[in-house]
Amino acid sequence: MWRDKRLCDLLGIEHPIIQAPMAGATTPEMAAAAANAGALGSLGCAMFGPERIRQEAKQTKTLTNRSINLNFFVHASPEMDEDKASVARVSLAPWYDKMAAGDVPDAIEGHFPFNDAICDAVLEVSPKVISFHFGLPDPALVERVRQAGIVVLSSATSVAEAIWLADRGVDAVIAQGYEAGGHSGWFLPRGASNVAGTMALVPRMADAVDVPVIAAGGIADGRGIAAALMLGAAGVQIGTAFLTTPESMVAPVHKAQLLGASGDDTMLSKAFSGRSARTVVNDYASAMDEVRDWPDFPLVNAMTGPLRKTSAENGKPDAVALWSGQAVGLNREATTAETVGRLVEETAACLKGFT
């Protein structure tokens with residue numbers, strides 16, 4: 001049914017659908033189920049050290065022999081600004097008291113960008129695909145991955161970023177629109193006017209680069225997939241639709257909030273990690289929206305971690321990072337495999353009238 005087979009051929013998959021690699025949500029069971037259903041299964045490894053990467057990848061390979069993607073952040077190392085950290089502690093303290101979550105932790109770097117040790121672990125487990133968020137790592141590391149025959153993807157939020165990535169040898173570009181859940185992957189200097197929605201971004205990006213473009217953001221059913229393909233995308237990456245599956249490791253309160261969300265109730269917030277990310281609106285995100293000068297990403301992750309954990313464990317959505325895209329109103333309760341199957345069937349029905 002797929003006229004454009006570029007992504008399927010590149011990634012070794014049946015359907016041009018990528019289950020998004022959402023750090024803190026994906027599991028070997030999710031990635032394997034997506035892969036076994038014909039999509040590209042992904043593991044979000046941004047917060048893993050080398051040994052955890054080996055464990056997760058090896059566990060996934062016991063569940064599937066199909067293509068798997070490992071995803072990593074390549075953000076700039078943060079600069080510690082004690083003045084910003086002190087202001088953040090003052091802002092966070094009432095929330096820690098409210099949730100009985102203890103004292104506000106120090107601002108520390110709890111996870112690190114892609115480096116030599118992580119690269120060694122990746123080469124050892126040898127996934128079909130590796131993807132990056134916030135740009136690309138050191139060119140020498142990219143070359144090591146490419147020399148091993150691993151397909152390289154990365155996210156772009158503007159045409160300029162897509163061209164930058166293509167010029168540096170990525171095999172495909174993920175066009176991440178404004179609607180996407182979680183962290184925006186922007187990495188080149190930009191103004192507010194450069195933030196584009198997926199359906200406006202995809203055709204311009206497809207015209208600008210020779211590599212396949214993968215649409216991401218605001219896509220949760222076959223109508224969205226068909227629209228992206230019509231606009232020139234070679235495939236799609238979908239995240240929020242998989243967060244409510246039983247294979248997802250997000251907290252039950254997170255899943256419940258997603259299933260009750262309309263899609264008109266999300267917002268971009270820096271209050272969870274220090275970097276702009278889309279979440280379902282809750283009390284914490286709303287109250288902290290006026291705080292602008294947070295410590296650098298990902299230092300704030302450490303400062304808010306116990307707060308988010310306590311809120312989730314108590315079944316209260318008030319201070320949980322409820323990552324979600326704007327298409328969350330289309331979410332359903334279903335397994336990962338059922339979700340992939342539904343997406344394929346719906347897309348086939350949409351495309352039937354154009355064959």
Side-chain angles (χ1 to χ4, degrees), residues 13-44 56 59-60 63-64 66 68-69 179-182 198 215-228 236-267 277-282 285 308-309 311-350:
I13 55 180
E14 295 175 40
H15 310 302
I17 298 170
I18 300 174
Q19 163 253 310
M22 302 164 285
T26 58
T27 60
E29 291 76 17
M30 178 190 288
N36 289 333
L40 178 66
S42 304
L43 291 173
E56 296 274 323
Q59 184 178 348
T60 304
L63 302 172
T64 185
R66 299 192 177 190
I68 293 296
N69 165 40
E179 306 92 330
T198 305
I219 301 172
D221 64 10
R223 293 170 296 180
I225 295 173
V236 300
Q237 177 171 282
I238 296 176
T240 303
F242 292 101
L243 287 177
T244 47
T245 65
E247 295 86 3
S248 165
M249 68 182 292
V250 300
V253 69
H254 189 167
K255 293 182 181 181
Q257 291 297 301
L258 295 182
L259 290 170
S262 67
D264 295 325
D265 43 9
T266 71
M267 64 181 288
R278 186 171 296 282
T279 174
V280 172
V281 177
N282 61 9
R308 293 180 278 121
K309 184 174 184 289
S311 185
E313 289 177 345
N314 291 336
K316 297 180 178 180
D318 308 48
V320 180
L322 302 170
W323 303 139
S324 169
Q326 288 184 326
V328 64
L330 300 173
N331 265 48
R332 305 178 188 179
E333 287 188 272
T335 67
T336 294
E338 289 168 345
T339 300
V340 173
R342 173 178 63 83
L343 293 171
V344 173
E345 291 176 5
E346 290 176 350
T347 307
C350 289

Could you tabulate the donor-acceptor pairs under 3.5 Å formed by side-chain atoms of residues 316-327, not counting sequence neighbours?
none

Carefully, step by step, assess Val340 and Gln19 under the rule side chain to side chain contact (heavy atoms under 4.5 Å, CB included).
CA-CA 9 Å; Val340 173; Gln19 163 253 310; 6.0 Å; no
Can you tell me how far the CG atom of Asn36 sits from the CD atom of Glu29, to the nearest 0.5 Å?
11.5 Å
Residues two or more places apart in sequence or in another chain: which of them pass side-chain hydrogen bond (donor to acceptor under 3.5 Å, both in side chains) with Ser42?
Asn69
Using 0.5 Å steps for rounding, measure from the CG atom of Leu243 to the CD1 atom of Ile238.
12.0 Å
Under a 4.5 Å cut-off applied to non-hydrogen side-chain atoms, are Thr240 and Arg278 in contact?
no
Sorted by chain and residue number, the side-chain hydrogen bond (donor to acceptor under 3.5 Å, both in side chains) partners of Thr198 (sequence neighbours excluded) come out as Glu179
Taking only residues two or more places apart in sequence, or in another chain, which ones meet Arg308 in a salt bridge (Lys or Arg N to Asp or Glu O under 4.0 Å)?
none
What pairs with Asp265 under salt bridge (Lys or Arg N to Asp or Glu O under 4.0 Å), at least two apart in sequence or on another chain?
none
Which atoms form the tightest heavy-atom contact between Thr26 and Met30, and what is the distance?
CG2-SD, 3.9 Å
For Ile17, the option from Leu40, Ile225, Thr347 that meets side-chain contact (heavy atoms from CB on, under 4.5 Å)
Ile225
With sequence neighbours left out, the residues meeting side chain to side chain contact (heavy atoms under 4.5 Å, CB included) with Glu345 are none
Roughly how far apart are Ile13 CD1 and His15 NE2, rounded to 0.5 Å?
9.0 Å
Within-4.5 Å side-chain heavy-atom neighbours: Arg66 and Glu14
yes
Please name all residues satisfying side chain to side chain contact (heavy atoms under 4.5 Å, CB included) with Ala228, sequence neighbours left out, ordered by chain then number.
Met199, Ala215, Ile219, Ala233, Val236
Output for pair (Leu343 CG, Arg223 CZ), nearest 0.5 Å, gives 11.5 Å
Results of side chain to side chain contact (heavy atoms under 4.5 Å, CB included) for Pro28 - residues two or more places apart only:
Leu43, Glu56, Gln59, Thr60, Leu63
Sort and list the pairs that fulfil salt bridge (charged side-chain N to carboxylate O under 4.0 Å, His left out) and have at least one residue in residues 243-255, not counting sequence neighbours.
none
With rounding to the nearest 0.5 angstrom, report the OG1 to CG distance, Thr244 to Leu258.
6.5 Å
Counterpart residues, side chain to side chain contact (heavy atoms under 4.5 Å, CB included), relative to Arg332 (two or more places apart):
Arg342, Glu346
Can you list everything that forms a side-chain hydrogen bond (donor to acceptor under 3.5 Å, both in side chains) with Lys309? Sequence neighbours excluded, please.
Glu313
Spacing of Thr27 atom OG1 and Met249 atom CE [to the nearest 0.5 Å]
8.0 Å
Applying side-chain hydrogen bond (donor to acceptor under 3.5 Å, both in side chains) to Asn282 and not counting sequence neighbours gives none
Closest approach of Ala334 and Thr339, non-hydrogen atoms and distance?
CB-OG1, 3.9 Å
